[in-house]
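Only one structure is covered here, and it is reproduced in the block below.
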Amino acid sequence: MNKYTYCLYNGKRPVSWVSAILLVLALVFSGAGLAEVPNAVPPEGEHKGDDVPQPIHFPHDTHAKINEINCMYCHTYARRSKVAGIPPTSKCMGCHSVIATDSDRIKKLTEYWEKNESPPWKKVHDVPDYVHFTHEKHMKRFLFDNEDMEVERVSEVCAFCHGEVKDMEVANKVKPLNMGFCQRCHEANGGPSDCWACHK
Amino acid sequence: MSGNDINRRKFLKVMGWGGAGAALAGCDMPTTVTLEEGKETVVSYLMPEEYVIPGQGVYFASTCQQCPAGCGVHGRVREGRVLKLEGNAVSPINEGGLCQMGQAGVQTHYNPDRLTKPLLRKGGSLSEVTWEEALAALDEKIGANSSVEGGKVAWMTGTVSGHQSVLLEGLLESLGGAKHYVYDLINNHVAAQVNEAMYGTTRPTYHLTKAKAVLSFGADLVGVSQSPVHFAAEYAKFREAPRGVLIQVEPNMSLTGGNADLWVPAKPGTEGALAMGIAHELINNHGKDASALPSGLNGKIKAYDLAKVETLTGVPTDKVKSIAKILAEKAPSLILTGASIESSENGYAATAAAAMLNVLLGNVGETITSSGGFPFPQLDAKTGSGADLLQFADAAGKGAIDVVFFHGVNPVFTAPGYLDLEAGLGKIPFKVSLSLFADETTNQADLVLPLASALEDWGTHVPAYQPEQSVIAMQQPLMEKLYPATKGFGDILLDMLKLRKVEGYTDFSDYYAFLQDAFAALPAEFKNGVDNASFWNQTLASGFISIPKQNASITANALDIAVTLPGENINYGLSLLPAIRLGMWDGRHANIPWLQEAPDQITKAVWGSWAEIHPKTASRLGLATGDFIKVESVKGDVEVPVYVYRGVFPDSVAVSVGQGHQAYGRYAEGRGVNPLTILDSATDGKTGEPALYGTRVKVSKVAVNKDEILVQFGGSESQVGRKLAATITAEVFNRTEGA
Amino acid sequence: MSLQNVLTNWSQYRKTHEDGGFYDYEHMWGMSVDLNKCTGCNACSVACYAENNLAVVGKEKFDKGQGMHWMRVERYWDEPDLAAGESTEFSEHGGSFLPMMCQQCNAATCEPVCPVAATYHTPDGLNAQVYNRCIGSRYCSNNCPYRLRYFNFYSYYESSWPEPLNMQLNPDLSVRDKGVMEKCTFCVQRIRVAKDTASRENQALVDGDITPACVQTCPTKALVFGDLINTESKLSKLWASHEVELGKTEQHKKNKEKRGYRVFEELNTDPCVMYLERVKEV
């Protein structure tokens with residue numbers, strides 16, 4: 001145990017994501033695949049993003065498509081915070097201390113790990129500083145509070161704004177993520193239209 | 001003994017701070033350089049704790065170190081950075097509130113002018129060295145194998161308490177009686193000695209909430225006091241219906257004076273005579289029982305008839321009568337004293353005279369009770385006094401000190417100029433400064449040990465003023481150190497104890513380990529019946545250990561002392577009053593931009609010095625707000641812009657304290673003037689405390705200095721008939737909102 | 001409201017409740033300031049600097065009135081009441097301290113004059129400033145009778161937050177650049193966090209969930225924050241007990257001695273901040 005265990009004081013409400021996890025588990029075992037995300041109109045708009053060289057050539061397809069790992073397994077904060085989060089290096093090592101340890105990419109990852117460093121990933125998706133975007137709310141609307149939607153199909157919701165990442169190796173930006181893009185989607189799906197809902 | 005690995009807080013192992021444009025994990029750092037893909041780096045956590053969620057703040061409890069009051073704080077930490085400090089709602093000291101200095105604690109921590117590496121004087125100038133080199137230099141001077149003479153080693157600190165104090169004591173002892181000078185410009189040493197003589201304790205507990213009237217002789221309760229936030233909270237309760245009446249007697253308006261129902265300016269140095277006059281009135285016209293006082297004192301009071309008091313103090317007879325009437329009608333009351341009465345040439349006698357009123361009015365045991373003692377004397381606060389500074393300056397000047405250590409003080413800045421401490425320090429061969437900043441004292445040092453900030457360090461603190469509930473306040477790091485080559489105070493003390501090879505300390509890997517051991521050693525009765533690990537965690541979570549107070553009775557003996565009055569000086573016709581306010585404090589916060597830009601509460605001046613002058617005096621001297629004057633004492637002069645208002649005694653000039661730094665970083669350096677440089681050598685006869693209010697000056701108009709003009713917030717000085725801050729009478733208030 | 005809504009319902013934003021103005025509120029955040037408790041210590045103001053990324057402009061620009069204190073404490077010296085025999089020689093009753101933050105007027109004079117609808121009223125009853133929409137015409141600040149809007153005449157990022165001071169910046173709101181008007185938001189970022197937390201736990205927002213920075217730090221608890229629509233909130237009860245109502249230009253109190261008032265309510269701005277009169281012993 002970490003000797004420096006700090007006692008968590010978080011103001012008023014104890015943060016509880018137990019309920020969220022239970023929900024995830026419940027949904028994993030229910031329902032069959034549907035053609036499109038129910039109760040949702042996917043946003044329209046395309047963007048031709050540049051290739052982004054990353055410190056480690058991370059193959060999303062291997063993880064999300066071939067091995068069918070749920071997006072939220074790594075981007076674990078998406079359901080409970082503004083940001084989806086780049087997975088902590090410890091999470092990568094959780095598998096890759098035993099899986100594919102002889103590949104060049106994993107060797108490089110292990111090097112970072114042993115130096116007590118995280119790989120300096122390059123940012124691909126971003127919104128301006130004056131935008132308050134929260135993953136949590138969108139996941140709630142399109143996934144967890146969406147009656148006919150199963151949680152293992154989360155990648156289809158992610159794809160609204162991130163494209164078919166499971167078909168990419170290193171992720172590219174393929175949606176414009178500008179105000180018009182957001183606004184059209186909000187109008188089609190009943191999102192808030194109050195300026196201060198999204199601007200800060 | 002618990003070991004400490006370098007990555008003591010792995011969950012804070014966030015890389016990339018300090019890197020331009022580098023965004024932290026999931027953190028939308030402001031001023032994103034670009035939205036383009038692949039241009040910015042986003043670095044993930046290496047191994048986060050479960051409760052760390054990027055984008056969400058986590059609050060940790062600690063203790064504010066901006067002044068010695070010991071307020072509990074909660075630091076909001078996000079992505080490994082502390083962003084904001086808030087008052088800890090369950091702390092009995094501050095009950096959730098925090099003053100502006102506490103709020104600005106993050107700007108001390110993130111200050112761009114912090115020291116980042118140890119510095120050693122080589123061939124006249126300070127140059128960067130490693131800690132190994134720094135400790136080697138120390139070892140040579142004070143190590144176990146050195147030829148150090150304990151009597152020639154000195155420590156000078158500000159208020160110090162808790163386990164740091166324990167380590168310091170251990171070190172002083174190992175050095176064979178090294179002298180510890182505790183110095184704070186802002187102190188209540190005179191009142192403490194009066195209390196000791198009257199009540200047998202230096203720190204009784206005051207109950208503002210039980211008082212129906214408060215007569216304060218310059219006690220700036222809600223401003224510069226022993227516990228500003230605590231007394232502000234008490235003040236608010238005092239003001240609830242039925243509303244207590246506050247009368248403030250002082251030569252220039254403090255923040256508390258600005259909130260008084262009746263603000264009474266008395267001629268500086270004559271407050272003791274006013275207290276005697278009030279006693280006279282209470283005995284003669286309100287039937288107060290003089291037998292509660294020593295007979296000798298009674299005889300002295302008889303001499304202070306109101307006509308005489310008016311002549312001496314400048315306070316009109318009807319004013320004294322109305323003060324006495326309020327005190328007689330509103331029992332229990334509370335008489336308090338502050339710097340303007342304590343820090344004068346007859347400070348002790350005047351303070352005793354004021355305190356005598358508490359006995360006469362029967363307040364002792366009602367609004368003044370015993371503090372109940374503190375069960376850990378070794379942890380108790382050692383508060384500063386000015387007398388220690390004078391002794392230190394004397395010893396330094398005589399060449400009686402070979403090695404000196406400074407921590408939490410900047411005496412080169414705060415010492416009266418006539419002491420010429422710079423020259424005194426020049427006679428000390430080896431000076432060590434433990435500091436966050438290159439202040440005036442640190443620049444004189446031969447060895448500079450850079451401290452970790454209060455938000456990066458461990459510690460325990462015992463507030464000097466404990467309210468009804470006593471605490472040991474806990475300080476814990478809120479984030480990883482900004483600069484790896486800085487060290488906590490406790491860790492440095494432990495290093496020195498190891499250099500001395502003092503038994504019982506050498507086994508601790510660091511101060512954290514020492515603290516945990518010390519906590520384990522606390523008697524079980526303070527641990528809420530839980531094991532040591534849970535007790536430690538509980539303390540970190542709550543931010544303090546509650547110490548039950550013993551109910552002890554209090555009795556008081558009024559002191560039979562004659563009040564003396566300051567002499568006149570024809571050549572220097574005005575009194576110099578130091579205007580010390582919540583904000584700059586003793587000058588230690590002049591390097592905080594938020595506090596420089598926060599207007600002084602009374603004058604609303606920002607970013608500089610000013611002199612307060614009464615309109616009468618101003619018109620006699622032909623001065624208006626914004627003009628510049630030269631304020632000249634026998635010890636020197638300063639030039640400063642004038643603020644004319646009706647909150648200062650005529651024939652005096654109040655100059656703000658805190659500016660006029662020669663060093664101390666970009667925000668402080670070369671701004672304003674330091675009136676402490678022109679203080680005269682007056683001291684209180686009884687206690688030997690320097691009399692900050694005992695300097696006589698003359699004033700002349702000089703040319704405007706464009707770099708130092710008076711800049712004030714706001715437009716009009718009055719409400720010009722608009723209903724902005726409206727006022728009703730207490731009578732109406734008590735009728736509509738009384739219980 | 002969206003731009004379209006603002007344009008469609010333009011005239012509604014100028015009216016108060018009584019006149020059938022925009023009343024479709026989810027919340028109406030308001031405040032109460034007790035001048036009997038306020039000591040003018042300035043803690044609220046510095047807390048606001050810390051919370052809201054307020055720029056430090058320096059002496060020269062402060063002198064020109066360009067200070068960015070969203071929360072400021074004004075200090076007035078009252079003229080002596082000669083009839084009551086008050087001293088003309090000294091300020092015998094101290095000063096009058098008045099904390100002023102955006103009054104979040106329901107009939108805000110700043111809103112209708114914005115040529116680009118960068119300032120508008122939210123369904124939370126807040127007077128919002130959308131920084132990225134603002135073009136810096138400064139009409140709003142000229143039209144604010146309280147002078148509570150602050151303009152970025154310069155870009156302060158480099159000068160106000162030299163490294164590592166910039167690490168203290170609150171990521172929950174933007175750092176405003178040159179040419180943008182800014183103002184007190186009642187700490188809307190804290191309101192967002194409280195709403196998000198409540199929604200995460202499928203709970204309703206409870207009175208006391210939100211504490212703006214100034215209210216949190218106040219050593220005397222002179223400031224109270226709450227929802228004026230929720231009649232059970234501490235704030236609503238406080239307003240009611242002082243007989244102060246929204247939507248009025250003049251309060252007709254049963255008990256005229258009650259302390260509550262709103263600054264400049266006679267201008268029909270319908271502010272959401274109630275002040276409680278300072279009390280003095282005669």
Side-chain angles (χ1 to χ4, degrees), chain B residues 17-18 27-31 81 83-84 86-87 97-100 103-104 106-107 110 112 222 229 232-233 235-236 239 243 245 255 257-263 265 482 582 593-594 597-598 601 604 606-608 645-647 711 713-714 717-719 724-730 732-733 736, chain C residues 35-37 39-43 45-47 49-51 53 56-59 62-63 67 72 74-79 89-98 157 162-165 167-171 174-175 216-222 255 257-259 261 263 277-282:
Chain B
W17 45 43
C27 155
D28 26 6
M29 276 283 267
T31 66
R81 297 175 292 146
L83 298 177
K84 174 84 171 45
E86 310 201 328
L98 206 57
C99 73
Q100 57 173 348
Q103 284 291 344
V106 283
Q107 287 210 325
Y110 288 119
V222 300
V229 183
Y235 168 85
R239 288 302 208 185
R243 183 174 180 273
V245 180
L255 181 57
N259 286 285
D261 293 293
L262 187 60
W263 182 76
L482 279 172
L582 190 72
W594 287 341
E597 194 143 312
Q601 294 93 342
K604 291 291 161 188
V606 296
W607 289 105
Y645 79 131
R646 298 177 297 142
V711 172
F713 154 83
E717 289 279 286
S718 82
Q719 303 189 45
L724 296 166
T727 304
I728 59 160
T729 65
V732 172
F733 173 73
T736 54
Chain C
L35 300 182
N36 181 42
K37 289 183 177 169
T39 63
C41 74
N42 214 37
S45 183
V46 176
Y49 272 76
E51 174 71 21
N53 302 339
V56 169
V57 300
K59 187 174 185 178
F62 197 96
D63 194 25
R72 63 181 196 226
E74 303 192 356
R75 185 268 300 119
Y76 298 110
W77 302 118
D78 293 334
E79 296 302 328
E89 194 175 358
F90 299 111
S91 293
E92 275 192 329
H93 299 297
S96 288
F97 298 99
L98 182 73
Y157 182 69
E163 277 184 32
L165 272 179
M167 284 173 65
Q168 183 275 329
L169 287 167
N170 187 352
S174 6
V175 175
Q216 196 286 324
T217 205
C218 180
T220 59
K221 301 186 170 58
N255 182 351
E257 293 185 334
K258 296 280 189 178
R259 288 193 294 147
Y261 70 101
V263 175
E277 283 171 289
R278 182 170 184 257
V279 182
K280 72 172 179 186
E281 194 78 25
V282 177

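In what follows, chains are A, B, ... by sequence order, proteins preceding strands, each numbered from 1.
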| message | Strictly below 4.0 Å, N to O, side chains only: are C/Lys59 and B/Glu597 in salt-bridge contact? | response |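 Not counted as a salt bridge, because no side-chain N and carboxylate O are separated by less than 4.0 Å.
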Side-chain H-bond candidate by donor/acceptor type, B/Gln601 with C/Asn42, under 3.5 Å: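 On atom types as modelled, these side chains do not qualify, holding no pair under 3.5 Å.
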Answer yes if the side chains of B/Lys84 and C/Gln168 hold a donor-acceptor pair under 3.5 Å, and no otherwise.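 No - no donor-acceptor pair under 3.5 Å links their side chains.
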Between [options], the one whose heavy-atom pairs under 4.5 Å with chain B are most numerous:
| options | value |
| --- | --- |
| C/Ala222, C/Pro162, C/Gly58 | C/Gly58 |
| C/Val56, C/Asp78, C/Asp63 | C/Val56 |
| C/Lys37, C/Lys258, C/Arg259 | C/Arg259 |
| C/Thr220, C/Thr217, C/Asn255 | C/Thr217 |
| C/Ala47, C/Gly40, C/Ser96, C/Ser45 | C/Ala47 |
| C/Glu79, C/Glu51, C/Glu74, C/Glu89 | C/Glu89 |

Using heavy-atom distances under 4.5 Å, tell me whether [X] contacts chain B through its side chain, its backbone, both, or neither.
| X | value |
| --- | --- |
| C/Leu35 | side chain |
| C/Cys218 | backbone |
| C/Thr39 | both |
| C/Tyr261 | side chain |
| C/Lys221 | side chain |

Donor-acceptor check, side chain of [X] to backbone of [Y], threshold 3.5 angstrom: yes or no?
| X | Y | value |
| --- | --- | --- |
| B/Gln103 | C/Ala50 | no |
| C/Glu257 | B/Val732 | no |
| C/Asn53 | C/Leu169 | no |

Distance col, row B/Leu83:CG vs C/Met167:CE, nearest 0.5 angstrom, shows 9.5 Å
With sequence neighbours left out, the residues meeting ring pair (Phe, Tyr, Trp, His ring centres under 6.0 Å) with B/Phe713 are C/His69
Honestly, the part of B/Pro265 sitting under 4.5 Å from a heavy atom of chain C is side chain
Atom group of B/Ala233 that falls short of 4.5 Å from chain C, counting heavy atoms:
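For B/Ala233, backbone and side chain are both near chain C.
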Quiz item: With B/Arg243, which residues qualify under side chain to side chain contact (heavy atoms under 4.5 Å, CB included), at least two apart?
Solution: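 Side chain to side chain contact (heavy atoms under 4.5 Å, CB included) list for B/Arg243, sorted by chain: B/Arg239, B/Asp261, B/Ala730, B/Phe733, B/Asn734, C/Asn36, C/Val279, C/Glu281.
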_Which one wins on heavy-atom pair count under 4.5 Å against chain C: B/Ala104, B/Gly647, B/Gly257, B/Pro593?_
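That would be B/Pro593.
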- Query: Any idea which of B/Ile728, B/Thr729, B/Val222 has the most non-hydrogen atom pairs under 4.5 angstrom with chain C?
  - Reply: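 Sorted descending by pairs with chain C, the first entry is B/Ile728.
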Could you tell me whether B/Tyr645 and C/Trp77 have their ring centroids closer than 6.0 angstrom?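 When the ring centroids of B/Tyr645 and C/Trp77 are compared, they turn out to be within the sub-6.0 Å range.
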